[in-house]
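Here is the structure we will look at, set down as structure tokens.
Residue numbering restarts at 1 for every chain, and letters A, B, ... go by the order of the sequence lines.
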Amino acid sequence: MKKVLSAGEQLARLKKGVVEVFPEEEMVAKLERSVATKTPLRVKLGIDPTTPDLHLGHIVVLNKLRQFQQLGHRAVLIIGDYTGQVGDPSGQSATRQRLRLDDVNRNAEVFLTYARRLLSDGELEIRRNGEWFAPMSFAEVMELASKMTVARLLERDDFKNRFEKNVPISLHEFFYPLMQGYDSVMVKADVELGGTDQRYNLSVGRALQRDFGQEPQVCITLPLLVGTDGEKKMSKTYNNFIRVDEPPKTMFDKLFSIPDSLVQTYLTLLTDIEETEIKRLCSASDIREAKLVLATDVVKRFAGEKAAESLRESYIGGTIPEEGLKDVECDSESIWIVNLVKSAGFASSSSEARRLVQQGGVSLDGETISNPEQNVNLKDGMVLKVGKNRWARIRIKREKK
RNA sequence: GGGGAGAUUCCCGAGCGGUCAAAGGGGACGGACUGUAAAUCCGUUGGCGACGCCUUCGCAGGUUCGAAUCCUGCUCUCCCCA
């Protein structure tokens, strides 16, 4: 392990990009004790695997968790296989559809794949909250429920609004914050991370830990990442997101194409680059340099150094990249252009593919194909480009034997 | 329980018997310009190997040569009164 930084230095690094550390005095105390006793802090992050569609917005908190690891602390990642079935009511104006355990488990696998790429294995503990919720008896559930009052639950706006507007609140939704808080008790968390929308849930964890005779955790909230449109929060519904499983080239291009006003935020929340360096990059006359750093750094996390560097160089040189493109398999060397675009997943219908071709948005190895009736001859390794930032590499599938 | 309004293509929203694949706006996508940014301009926005054909206007029937438009029933949503 590298040399241990002082509590003050650690705090300064950890505060980068965060909205709130509360209570901050307790954070300082915990860090000081950790340095003095050489004991890592247990830093909890709970994730409900409610969707297989992960985007960079989900990565912000993971990134912060990693920063804790880099300072020698222990990451405790909780997969909410039970809480996921309840559904977090935070920010919801109606009861969520409940998920089945199979779905939750499948989503969890996807999530873990990416989480492992970002976090280091060393100080990592992965727990599922079904581990303690599944075997609970009704009596134990009642015991837990007795720790919370209805008034405290109704303090939070989403519940209050629903209650006042007579929108139903199912009892199981009331349990959600309690469950999340109990997770903190079970893993004896020193710190818990979450988005700003998690403020209430995080504080319930503190209260419960105190009830169970533990030292309460410190809560850290992080901003919700703004989407590529620069306005609304990143979300699938607004179609302003960058998926984590995006082909590297696409991810690079999307990151490069974000509005200038967003560059500083993205660098702060998605990379480990220090604040002074970020300021310098963003105040430079040519902001493209900052975008280049951002795109390279983020892509490196997901696709590896080699692909990221290759993309960076191809961008600087204006050439077609060697690495990082999505592959499209074709079994014939001659194909109708419309079908090629469709099979690459760049159009959902022939009509749409035709339009793209007619509008001059489709090119093969840099040569624009404008006739939608055209059959093209393919060679293995050719690059298909659609629009400004959708690319794919052609792979001819050879029939064996 | 009583009374009223409405369900239109991704979203909002016109259309009220043929000229409707359905105005307009938003969004999205493509092109030009640029810095693969913003702004601006132009174009596209149901499907089909496609100048023709097929399927769309809550659901199911009916009237008509012809229906998103008229009639009947059903489902759902919203508002007012109790």
May I have the step-by-step check of side chain to side chain contact (heavy atoms under 4.5 Å, CB included) for A/R393 and A/K326, ending in yes or no?
CA-CA 6 Å; A/R393 188 177 295 282; A/K326 158 183 179 178; over 6 Å; no
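- Comparing B/G13 with B/C79, their P atoms are spaced 15 Å from each other, to the whole Å.
- When A/K30, A/R42, A/K44 are each tested for a salt bridge (Lys or Arg N to Asp or Glu O under 4.0 Å) with A/D190, only one passes: A/K30.
- Taking each heavy atom of A/L267 and A/C282 in turn, the nearest pair found is CD1-SG, 4.0 Å.
- Judged purely by distance below 3.5 Å, without hydrogens or angles, the side chains of A/K16 and A/T268 never pair a donor atom with an acceptor atom.
- Taking atom C1' on both nucleotides, B/C54 is separated from B/U69 by 22 Å, rounded to a whole Å.
- The side-chain hydrogen bond (donor to acceptor under 3.5 Å, both in side chains) test with A/T83 singles out one residue from A/N201, A/N129, A/T50, and that residue is A/N129.
- Contact annotation: A/S350 side-chain N/O to B/A50 OP1/OP2 distance is not under 4.0 Å.
- A/R355 comes within 4.0 angstrom of the backbone, heavy atoms only, and of no base.
- Between A/I316 atom CD1 and B/U36 atom P there is a gap of 13 Å when expressed in whole angstrom units.
- Minimum interatomic distance between A/K306 and A/E323 (heavy atoms only, all atoms of both residues): CE-OE2, 3.0 Å.
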Grab the N/O contacts between the protein and nucleotides 23-27 of chain B below 3.5 Å, and write none if there aren't any.
none

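- Note on A/R210 versus A/E26: no salt bridge recorded, every NZ/NE/NH1/NH2 to OD/OE distance being 4.0 Å or above.
- In terms of polar N and O atoms assigned as donor or acceptor, the side chain of A/D260 comes within less than 3.5 Å of the base of B/G35 in a complementary pairing.
- Between A/S351 and the phosphate of B/C48, there is a side-chain N or O to OP1/OP2 separation shorter than 4.0 Å.
- In this structure, A/V328 and A/A392 approach most closely via the heavy-atom pair CG2-CB, 3.4 Å.
- If you take atom C1' in B/G26 and the same atom in B/A67, they sit 30 Å apart, rounded to whole Å.
- Side-chain N/O atoms of A/Q10 and A/H73 include a donor and acceptor closer than 3.5 Å.
- B/U77 is paired with B/A5 under the Watson-Crick or G-U wobble criterion, all donor-acceptor distances under 3.5 Å.
- Rounded to a whole angstrom, the distance from the P atom of B/G24 to that of B/U44 is 11 Å.
- For A/W336, the listed nucleotide lying nearest its side chain is B/G49; candidates were B/A37, B/G49, B/G35.
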List every contact pair, protein side and nucleotides 31-34 of chain B side both N or O, where the distance is under 3.5 Å.
none

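- Between the side chain of A/S343 and the main chain of A/N339, a donor-acceptor pair closer than 3.5 Å is present.
- For the pair A/Q358 CD and B/U45 C1', the interatomic distance rounds to 13 Å; values are reported in whole Å.
- For NZ of A/K147, the number of neighbouring non-hydrogen atoms (other residues, nucleotides, ligands) closer than 6.0 Å is greater than 12.
- Interface residues of residues 242-257 of chain A facing RNA chain B, ordered by number: A/K249, A/D253, A/S257; criterion, heavy-atom separation under 4.0 Å.
- Toward the 5' end of RNA chain B, the nearer of the two residues A/D229 and A/E352, judged by each one's closest nucleotide, is A/D229.
- Residue-to-nucleotide proximity on RNA chain B shows that, of A/S314 and A/R390, the 5′-proximal contact is made by A/R390.
- Heavy atoms of A/I287 sit under 4.0 angstrom from at least one base atom.
- The partner of B/A14 is absent, by the rule that a Watson-Crick or G-U pair needs both atom distances under 3.5 Å.
- Comparing B/A68 with B/A21, their P atoms sit 9 Å apart, to the nearest whole Å.
- Among the heavy atoms of the strands lying under 4.0 Å from A/E373 is at least one base atom, whether or not backbone atoms are also near.
- Comparing B/C65 with B/G58, their P atoms sit 25 Å apart, to the nearest whole Å.
- If you take atom P in B/C74 and the same atom in B/C20, they sit 34 Å apart, rounded to whole Å.
- Residue A/S184 forms a side chain to side chain contact (heavy atoms under 4.5 Å, CB included) with just one option from A/Q209, A/R206, A/Q214, and that option is A/Q209.
- You'll find a donor-acceptor pair under 3.5 Å spanning the side chain of A/R354 and the base of B/A50, going by distance alone.
- The shortest distance between side-chain heavy atoms of A/Y182 and A/M136 falls below 4.5 Å.
- A 3.5 Å limit on both hydrogen-bonding distances identifies B/G43 as the Watson-Crick or G-U partner of B/C29.
- Pairing for B/U64 is absent, judged as Watson-Crick or G-U wobble with the two contacts each under 3.5 Å.
- Here, B/U9 and B/G15 have their C1' atoms 13 Å apart, quoted to the whole Å.
- Both distances falling under 3.5 Å, in either a Watson-Crick or a G-U wobble arrangement, occur for no nucleotide opposite B/A23.
- Base pairing of B/U69 is not made with any nucleotide, judged by Watson-Crick or G-U wobble geometry with both donor-acceptor distances under 3.5 Å.
- Pair check for B/C48 finds B/G52; Watson-Crick or G-U wobble, both atom distances under 3.5 Å.
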